[in-house]
Engineer: 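Okay, here's the structure, questions in a sec.
Numbering of residues begins at 1 and proceeds along the displayed sequence.
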Amino acid sequence: MSKLFEPIKINESISLKNRIIMSPMCQYSSEDGFPNDWHFQHYVSRAVGNVSAIIVEATAIVPEGRISYGDLGIWKDEHIEAYQKITKEIKRYNCVPGIQLAHAGRKASTEIPWKGYHQIKSNEENGWKTVSSSNLPFNETDEIPIQLSVDEINAVTKEWGKATERAIKAGFEIIEIHGAHGYLAHQFLSPLINNRTDEYGGSFENRIRFVLEIVDEIKKYMTTQSLWIRLSASDWAENGWNLVETIELCKILKDRGVEVIDVSSGGGVSHQKIEVKKNYQVPFSKEIKNQVNAITGAVGLIFEPNQAEEILQNDEADLIFLGRELLRDPYFALHAAKELGEDIKWLPQYERAKNNHYK
């Protein structure tokens, strides 16, 4: 059997039927944080397409944590029922539902991409005041964010726990912390963003404190669920957050109960310099997997079945997170199985289309 279609056990309660994960990708199509018919068809169609787990897009733990006004949210109990419809249907197809809990920090209050993706000022329609680890804006033209006080840090940490409790009630079995791409958790990790002089800034131990407190708060609400985290392994900028620090953090996270490291990179600072190419983030996953002995997921410009298979065969990752490729092809897993010579089971409604002949 190809490794891409080999099952993997995450914990005593959760096993995945293959290694193909739907990566969280914002749809910017929500009102007041609620998922709607678009989100239902978007996610369920990929479950029908045979991915093993779906991580629902960055979902804000508080309204001001949204990247845009069109983001999903889970900051109030009223959201729970709308997600239950989606998770119930995802599970129907032997697919594990997950959710990425997020706070955008200083990168919040933006316009949706197809309308410009610029920051909306706090005094404009659909805009609000942003917060961060420090008072440094992402772009020079952005409003200066409010530096969170220690009391405010503690309060927002509690919101991660409340969001986790709601997510579990909504039927999610994987909880992923968004600690990457320059959003709030990453804004504490990176010395290029975090210039604090208190217990949350300066040393490595201080800069990781917020992330560890989020993990500990989330774990209070978890039983059989699995805790994952997405990290940017590098800021791709001089004197920024780097792979060495990521590896040290991942060792601690594993001891704290994080079961999967979703390995991405970048997004922290506007002056980053990334050489984007095929498999450009895979070496990060490989190093974390080998040095931490953790389950890792590779993501970024992975779009071919043989490419994904090679990553797994080379022990560079345990899971393949697909983003844009699953936007292009909801049935990537079905097509990949054929290309890799795997005879996987199709749903009975689609079975007559499995082979290229007429009956």
Side-chain angles (χ1 to χ4, degrees), residues 1-10 14-25 27 38-57 86-98 173-174 226 228 260 262-264 276-283 285-286 289 295-359:
M1 173 179 281
S2 63
K3 202 158 186 181
L4 189 62
F5 289 93
E6 185 179 282
I8 181 172
K9 185 175 182 179
I10 304 299
I14 297 175
S15 294
L16 305 179
K17 62 186 175 185
N18 61 48
R19 309 301 179 96
I20 303 170
I21 312 296
M22 183 177 184
S23 191
M25 293 171 286
Q27 297 297 292
W38 172 264
H39 300 94
F40 182 86
Q41 67 83 25
H42 174 63
Y43 290 113
V44 174
S45 62
R46 274 70 186 178
V48 169
N50 213 48
V51 302
S52 65
I54 288 170
I55 312 299
V56 167
E57 65 202 77
I86 296 173
T87 59
K88 180 180 179 181
E89 197 67 12
I90 287 173
K91 292 176 187 178
R92 184 191 300 272
Y93 302 107
N94 190 24
C95 182
V96 181
E173 298 176 6
I174 296 167
S226 182
W228 299 12
V260 174
D262 175 1
V263 187
S264 190
V276 179
K277 58 183 179 180
K278 185 177 179 180
N279 287 4
Y280 74 104
Q281 293 178 149
V282 172
S285 171
K286 178 182 178 181
K289 173 178 165 60
I295 298 173
T296 66
V299 64
L301 291 188
I302 301 171
F303 46 84
E304 298 169 347
N306 283 297
Q307 175 191 9
E309 178 68 18
E310 185 176 352
I311 291 167
L312 297 173
Q313 292 290 350
N314 291 340
D315 282 331
E316 295 172 305
D318 302 282
L319 303 170
I320 301 296
F321 283 72
L322 296 179
R324 288 172 176 83
E325 186 56 31
L326 279 176
L327 295 183
R328 288 185 285 265
D329 181 6
Y331 305 110
F332 173 90
L334 303 181
H335 300 144
K338 183 175 182 180
E339 187 167 326
L340 295 173
E342 294 292 339
D343 185 18
I344 65 172
K345 186 176 179 61
W346 282 38
L347 291 172
Q349 296 93 331
Y350 286 2
E351 183 71 31
R352 65 183 182 273
K354 184 176 180 180
N355 299 307
N356 293 330
H357 56 75
Y358 295 98
K359 280 189 177 181

Engineer: Taking side chain to side chain contact (heavy atoms under 4.5 Å, CB included) as the definition, give me every residue that meets it alongside K286, ordered by chain and number, with sequence neighbours left out.
Structural biologist: N290, E316
Engineer: Please check if the side chain of S52 supplies one atom and the backbone of I20 the other of a donor-acceptor pair under 3.5 Å.
Structural biologist: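 Judged by distance alone, yes, a pair lies under 3.5 Å.
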Engineer: Can you confirm whether the side chains of Y43 and Q27 place a donor and an acceptor under 3.5 Å from each other?
Structural biologist: no
Engineer: Under the side chain to side chain donor-acceptor pair (under 3.5 Å) test, which residues partner K345, sequence neighbours left out?
Structural biologist: none
Engineer: Would you check, one step at a time, whether the test side chain to side chain contact (heavy atoms under 4.5 Å, CB included) holds for I10 with V260?
Structural biologist: CA-CA 8 Å; I10 304 299; V260 174; 4.3 Å; yes
Engineer: Tell me every residue that passes side chain to side chain contact (heavy atoms under 4.5 Å, CB included) with A308, counting only those two or more places apart in sequence or in another chain.
Structural biologist: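 By the side chain to side chain contact (heavy atoms under 4.5 Å, CB included) rule, A308 matches L4, I302, I320.
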Engineer: What residues form a salt bridge (charged side-chain N to carboxylate O under 4.0 Å, His left out) with K88, not counting sequence neighbours?
Structural biologist: none
Engineer: Who pairs with D329 by salt bridge (charged side-chain N to carboxylate O under 4.0 Å, His left out), at least two apart in sequence or on another chain?
Structural biologist: none
Engineer: Decide yes or no on side-chain hydrogen bond (donor to acceptor under 3.5 Å, both in side chains) for N18 and E6, but give the supporting numbers first.
Structural biologist: CA-CA 5 Å; N18 61 48; E6 185 179 282; over 6 Å; no
Engineer: Within the structure provided, determine whether I54 and I21 are in side-chain contact (heavy-atom separation under 4.5 Å).
Structural biologist: no
Engineer: Taking only residues two or more places apart in sequence or in another chain, which ones pass side chain to side chain donor-acceptor pair (under 3.5 Å) with K9?
Structural biologist: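 So K9 forms a side chain to side chain donor-acceptor pair (under 3.5 Å) with E12.
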Engineer: For E351, give me all partners under side chain to side chain contact (heavy atoms under 4.5 Å, CB included), at least two apart in sequence or on another chain.
Structural biologist: W346, K354
Engineer: Looking at residues at least two apart in the chain, or sitting in another chain, which of them share a side chain to side chain contact (heavy atoms under 4.5 Å, CB included) with E310?
Structural biologist: N314
Engineer: By side chain to side chain donor-acceptor pair (under 3.5 Å), which residues pair with R92, not counting sequence neighbours?
Structural biologist: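 Side chain to side chain donor-acceptor pair (under 3.5 Å) check on R92 returns E89.
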Engineer: Under the rule for salt bridge (charged side-chain N to carboxylate O under 4.0 Å, His left out), what residues qualify as partners of K17, not counting sequence neighbours?
Structural biologist: none
Engineer: Considering residues at least two apart in sequence or located in another chain, which fulfil the salt bridge (charged side-chain N to carboxylate O under 4.0 Å, His left out) criterion with R46?
Structural biologist: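 Result, salt bridge (charged side-chain N to carboxylate O under 4.0 Å, His left out) vs R46: none returned.
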Engineer: Partners of S226 by side chain to side chain donor-acceptor pair (under 3.5 Å), sequence neighbours excluded?
Structural biologist: W228, E259
